[in-house]
There are 2 protein chains.
Amino acid sequence: MVGESNNGSNSGSNNGTAAERERATADVLRALIVISRRGVADARIANLSLSMTDQSILGYIVDHPGCRSTDIAQAFRLNRSTVSRQLAGLMQLGVVSEQADASGRGRPLELTDSGWAAYDEAIGILRGVVDENLDDWTDAEVARFAHDLQRFNTGAAGETRPRHPLEAPPAPLDSAP
Amino acid sequence: MVGESNNGSNSGSNNGTAAERERATADVLRALIVISRRGVADARIANLSLSMTDQSILGYIVDHPGCRSTDIAQAFRLNRSTVSRQLAGLMQLGVVSEQADASGRGRPLELTDSGWAAYDEAIGILRGVVDENLDDWTDAEVARFAHDLQRFNTGAAGETRPRHPLEAPPAPLDSAP
DNA sequence: GTCTATTGTTGCAATAAGCAACAGGAGGCG
DNA sequence: CGCCTCCTGTTGCTTATTGCAACAATAGAC
C-alpha cells in the first residue's frame, strides 16, 4: 500500500526510477518522524511552564489572531474539552485573553503581552536548535530548504484531513501570502 | 534574542543578506513546528492501540536494535520510569521482547514479528500522508528534499544535546571523525 | 418569536509522565 | 575472593493530558 501516487502530475525526467522515488519518499518520512519526535522532546525544554500543546495553541493564535477554541481543536485534532481546559489554564496564567469585540459565533482569542513573551522565549530556544543544525549551510541552501518545507506543508494536506496545525489560513479567502 | 548565529562557517555568496538568512531560518523553524505538531496529530490515527511514545519506542528499537531502556529514555528525554512502564505494556502486548543473549549492563531489546507488523502499519499510514504532500513534486525534487532533511537531522545535533530520537547511530558513523 | 446547530464547559475515566525510593546486578578495588 | 559503588530497571504516589458524554448558552435560521 505504499505508493503509486505519482498519478498526480509530473514525475521528473532526469533519473527518476520508481524505486528511487520510493526510497527518497521513505527517507523523507523517516526524517520527518525524527523531526516530530525531536520537537516533542525540545518542547519540553523550550518553556518549562508551558506544555507542548500549550505552546502549539500559542503558536496557532499567533498565526490566526481572533481564532476560536473550536478552530484550535480542529487544527490539532484535539477534543474541544481538551482545548477548553488548556485555554482556561492559559487565560488564568495570563498569556491568552478573549477579544472584547465578540461579534460572530465563538469568542475570538488573542495573546497578551506576557503571552508574546512566553512565545518568543520558546521560539528563541528552538531557534537556537535550528541555527545549530543549519550552521554549515549556505544562505542559498537554507532558503531552498525553507522553500521546500513550506511547499511540503502547504501541499495537498487540508483536503483529505481536517486542517493543519499552524500556517494554514482559516478562511481560504483573500490571497495566500 | 533571535539570532545572529551566522557566526558559523560560510554564508553563501549569491544573495545572502543577513536578513535574508534570518528570515529563511525563521521560516524553517515555523515549518518544522508545523511538521512536529502535525506528527503528533497524525500519530493518533496511525495506530490506534499505540500511543505516540509507543510508536517512537518501536521506531527507536528499529533503528537501534539491541538498545536498552535507558537509551530510549535518554533519546526522548523521558523518565526511565515512563519508558519502563511503556516497555512493560509493549512486551505484554507482544510487540517487543528482550534479547536472550544479555551480556552487558542492561537488557537488550528487539521487535517481535507482530512488533514489525505494527510498525509497518503505522509507517504505511504516515507514508500515505507524505505521498499526498509530495504528489506534484518531481522525483529530483523529492530526492533533494530527502537529502536536505537528512543533512539537517544529522547536523550539529548530538553535541549539545544528549542524543536524538531516531536515526543517529549509537556509534559515530563512518566518515566524520 | 421559536427552533436548531454551533460553541464552550464540566464530570468521569483512562493514559502518560515525573519524582522518589528501592531492588538487583555489573564492574572496580582492596 | 569479598566488599563497595554505580548503573539499570521497577514500583508507589502524584500530577497532567486527553477523550467521551452530557450539559448550558447563544447565534443564526425559519
field: Under 4.0 Å protein heavy-atom contacts per nucleotide of nucleotides 20-30 of chain D, with B for base, S for backbone only and - for none
entry: BB-----BS--
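- The distance between atom CZ of A:F76 and atom C1' of D:dG19, rounded to the nearest whole Å, is 18 Å.
- For residues 86-99 of chain A, every residue pair satisfying the salt bridge (charged side-chain N to carboxylate O under 4.0 Å, His left out) rule, not counting sequence neighbours, is listed here: A:E98-A:R107.
- A tilted orientation is assigned to the rings of A:F145 and A:W137, their planes being inclined by 30° to 60°.
- Salt bridge annotation for B:R68-B:D71: present, with a cationic side-chain nitrogen under 4.0 angstrom from a carboxylate oxygen.
- Rounded to whole Å, atom P of D:dT8 lies 13 Å from atom CG of B:L109.
- Each of B:I72 and B:M52 belongs to its own hydrophobic cluster when Ile, Leu, Val, Met, Phe, Trp and Tyr are linked at side-chain heavy-atom distances under 4.5 angstrom.
- Salt bridge present: A:E22 and B:R127 bring a charged side-chain N and a carboxylate O closer than 4.0 Å.
- If you measure from atom CD1 of B:I72 to atom C1' of D:dC7, you get 16 Å, rounded to the nearest angstrom.
- Of all nucleotides in DNA chain C having an atom under 4.0 Å from a heavy atom of chain B, the first and last in 5' to 3' order are C:dA16 to C:dG27.
- Aromatic ring pairs are classed by plane angle as parallel below 30°, tilted from 30° to 60° and perpendicular above 60°; the pair A:F76 and A:Y60 is perpendicular.
- Checked by atom type, the side-chain pair A:T112/A:S114 shows a donor-acceptor distance below 3.5 Å.
- Residues A:S51 and A:D54 bring a donor and an acceptor atom of their side chains to less than 3.5 Å of each other.
- At D:dT18, one or more side-chain N or O atoms of A:T53 fall inside 4.0 Å of OP1 or OP2 (strictly under the cut-off).
- Distance, A:Q86 CD to D:dG19 P: 10 Å, rounded to whole Å.
- B:L87 comes within 4.0 angstrom of no nucleic acid atom, judged by non-hydrogen atoms across all strands.
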